[in-house]
4 protein chains.
Amino acid sequence: MAELGRLLTAMVTPYTDEGAVNLPMARELARMLVENGNDGVVVTGTTGEAPLLSDDEKYALWSEVKQELGGATVVAGAGTNDTRHSIHLAKLAERAGADAILAVVPYYLKPSQEGIYQHFRAIAESTSLPVILYNVPGRVGVGMTVETILRCAELPNVVGNKEANGDLRHTAAVMEAAPGFKIWSGNDNDNFHLWCMGAWGAISVTAHIVARQQRAMLEAVLGGRLAEAAAIHRALCRVTDACFLNGSPSTIRYVLRQLGFAIGAPRLPVVEPDEAVGAKVMAELRRHRLDVPVPA
Amino acid sequence: MAELGRLLTAMVTPYTDEGAVNLPMARELARMLVENGNDGVVVTGTTGEAPLLSDDEKYALWSEVKQELGGATVVAGAGTNDTRHSIHLAKLAERAGADAILAVVPYYLKPSQEGIYQHFRAIAESTSLPVILYNVPGRVGVGMTVETILRCAELPNVVGNKEANGDLRHTAAVMEAAPGFKIWSGNDNDNFHLWCMGAWGAISVTAHIVARQQRAMLEAVLGGRLAEAAAIHRALCRVTDACFLNGSPSTIRYVLRQLGFAIGAPRLPVVEPDEAVGAKVMAELRRHRLDVPVPA
Amino acid sequence: MAELGRLLTAMVTPYTDEGAVNLPMARELARMLVENGNDGVVVTGTTGEAPLLSDDEKYALWSEVKQELGGATVVAGAGTNDTRHSIHLAKLAERAGADAILAVVPYYLKPSQEGIYQHFRAIAESTSLPVILYNVPGRVGVGMTVETILRCAELPNVVGNKEANGDLRHTAAVMEAAPGFKIWSGNDNDNFHLWCMGAWGAISVTAHIVARQQRAMLEAVLGGRLAEAAAIHRALCRVTDACFLNGSPSTIRYVLRQLGFAIGAPRLPVVEPDEAVGAKVMAELRRHRLDVPVPA
Amino acid sequence: MAELGRLLTAMVTPYTDEGAVNLPMARELARMLVENGNDGVVVTGTTGEAPLLSDDEKYALWSEVKQELGGATVVAGAGTNDTRHSIHLAKLAERAGADAILAVVPYYLKPSQEGIYQHFRAIAESTSLPVILYNVPGRVGVGMTVETILRCAELPNVVGNKEANGDLRHTAAVMEAAPGFKIWSGNDNDNFHLWCMGAWGAISVTAHIVARQQRAMLEAVLGGRLAEAAAIHRALCRVTDACFLNGSPSTIRYVLRQLGFAIGAPRLPVVEPDEAVGAKVMAELRRHRLDVPVPA
């Protein structure tokens, strides 16, 4: 199984003015992200508004972005809260050429830990692709216990977990028991802390606009230059806070449009921030050096 | 607009041994529920495993159950986290003859309050059916503020809210500002408290098995016989705790099967409780008088 | 053991301009509170800034207020987080003529449930006065489980619990297992809910200024006139929110001073709200009919 | 102002069999702690059961331990929730020869942010000793905002904050705005994370028994040897969890007694864990290399 990249952006889905998925723009965005320091992208993850896309739209996005990026990592956001549908998407992702799939803990239904395990097992057994779990109790309504993650980690192609539970003690226990299992940070404000503790990487929202600094922070952590890394971390926290001021993906979509990316309006129920909130976001971002210049 | 019932069960979805939706069993279950004191049912709500059913399966369930029940209320669980899909389901529900639709706050995506409002407005404008909102932040990841509920309450066909946020102070503010707006309790342990405060009814899980006692409690509250109502409430709390011991709908499905209802195994990621948990559930239920006798 | 009153105000401690305890003003305030419908007062509770008073000051307050009120209930706030000191205060309270003592779960130290039980047992055994527990995890850092309350309830002179944990399900379990054990609501916004469920009374902050309405609400609940009680409840919620806007006892002290009571400035670390917050509080209170007229 | 040590143990208070403070044992314990790698101790902090000690007992402890340790740091836990009393203790601590005082956010009273600031300002102005704040909302019921900490940091002798709020984002903001202000970690499981981010040190409970490993971890972090530090961190998390299994200081007192330190039984309301819990604690500790050998 090929190594999956450390720094991946959970990419937004661009739309045309008519609201269709904008495939050329998706290619362009993905290419820009890799050029700015990402090892690859997650396509149709949460930030990509997965629940608002049809299966056909997802397939097209995975396939076109993979063609565009070639050797860079393309992870297909293939998880839903329906096991059967997730299996279908996992098969589509494999056919589309994705390097791995990302599968979220089933949201809304609040399954038991056993139900979560059965869900992931069924998905993992349906594909030869590497599977990355996604633990995000703040969105899902329930989180995986350490034990459940460790059970899933024994499934041969479950290679890691995108961890967004905010509980570093929990992740320490996972790391101790399963040293080879990869952790990608799923909260940008936790990237530094998880990396210091030995996490593999991050699946990031803010890497849309600060991948260079995230890459620099990652290199500094890996090189043991903590003071340098911590200084970047503290600055990036302000960027992250700004990029989540109206929730996500609402805010990052707005930011990208302000920076000149023609990604179109989001689909309902996602709406962009209003003017007042938008102005606060951009005022903060103007204080930082982004990968893309901020218009005045 | 016809009055919608006060006491509604959020009905489980029965499956055949092969895993298909069991429509005759759905009819039988719905009829039993009304005979036991429910004013009607919610079909394909959360307890009905809505995210695990196809649109066709939902249509068939709404249509058949409505034919079965005739004058009793049938609410179609038509909400998803995708506005466009929810509109499609609302139209199907209307065609199927449902009396109203239930639409949940969009889960997982964590939309802003404005996004939640736009979601409900778009759904409400797409149908002539009454719309009941469903506020359940513990599953959804975000809740409606008082202000958002009140904005939605001004939409002509938004008739009420199934409230499961556990915040009685919040509901008091809604009730004060919108006296005609109906509140259905969405947590069985809150039924008594919300009814005392003037809420209209409940959309219940435990009314699968204790509708008679819930009806008696409701009548006692409406009649000002508080000591009687409180005594029922305290006993029902234990039933509710038991019915949620392994989460919902996992536990209530298990209970119904133990009581002899051939509703089949749940669809993944929902799984029934294991033996040890199941035994605890049934041991508690044996201490209560249920609408259906508990086998020894 | 004489019956203790249902509606008790947790009275603020008045100070002179020089910062000494103002005993005449304490008498006057206590008398006014009883005239407005309270069955009595708690002296040197949390609202009375117990941790900021010396033992001598407490003794004087208990003794003088009891002399002033005669037959009305005077509960001495005698709890601290130090068992030995609490026992000392319990003895002083008995000597001062208090009708009962209020003893809080030991704050800050986060004792185990066994430690909490041992604390209350030691206090209860040291006095012949009735003891009221006070469960307020939001201030204390730990709460009593149902089991611990029930263990304490078996101590002969532990007559009840001032419950401020906000968990109505928890109190239902206590009520069911210990029907004779009295519950006083410790959060004003929960008074209505706890009374409907059968609680005995309330130890209130807002009864400083709305005892008449609380009394009316209590009578309505006891008489089964729920619509009337619920209407009062919804209005009182706004009063309560206002009276806690800057925390308590900060805000209620400010309000009383604005209403003309010469209770002096609080002792540090309690400080009154600043002008902006104070103005918001008074603006809300002007919308209500208080027991004491609000100056324009 | 002399540099205060990085690694300090919040030392338990030893008692004789009769329950008096055991000063010789306190000296012995403090010396052992410094020999094992601590830069000093906090005497009569939370772990030292400050609320259960008289002022005289505190004075004696500060004075004797300072005499014993000489150049090593002795911080006097001088904070209470009463500003006036805290000032009195700060003066006593200065007279006793302490190197600094530790002052906690006023517990139980839930003061406003302004009240917290006034409290710390009054204390800081009353002493020439360095003052360390202590932010521990889980015990106190309220925490300091970033703004309040920064206001306090401007007081000339407020040198740092013992941070136990568990919110690394919050501390990043404090560090960014006040680079010279020292942060001591106040949750042992956060030591690694805070140190990586640039925090000065820790005021630790587990350093009673694993100071050598904490020192090694600190050196590894300071030297940029992250993998080494993270490995120690993950192991120490298990020690920390064990040492808090029955709360603190209950559990660490029990552990020390099991390890042969004659520190006597705690004062109420603190009680030691029961046998079953105690056995679990010791079973875990036997898996680790402690500074003091664990009897079989």
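Letters go in sequence order (proteins before strands), and every chain restarts at 1.
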Does any heavy atom of chain B fall under 4.5 Å from the side chain of C:Ala230, the backbone, both, or neither of them? side chain
With only heavy atoms counted, which part of C:Asp190 is less than 4.5 Å from chain B, the side chain, the backbone, both or neither? neither
Reported CZ-to-CG distance for the pair C:Arg225 and B:Leu226, which is rounded to 0.5 angstrom: 11.5 Å
Distance from C:Thr171 atom OG1 to B:Arg234 atom CZ, nearest 0.5 Å? 11.5 Å
Selection from C:Gly198, C:Ala172, C:Ala235, C:Cys196 maximising heavy-atom pairs under 4.5 Å formed with chain B: C:Cys196
Heavy-atom proximity to chain C below 4.5 Å, by part of B:His193: both
Assess whether atom CZ of B:Arg289 is packed by more than 12 heavy atoms of other residues, nucleotides or ligands within 6.0 Å. no
For residues B:Thr240 and C:Arg169, determine if any side-chain heavy atom of one lies less than 4.5 Å from a side-chain heavy atom of the other. no
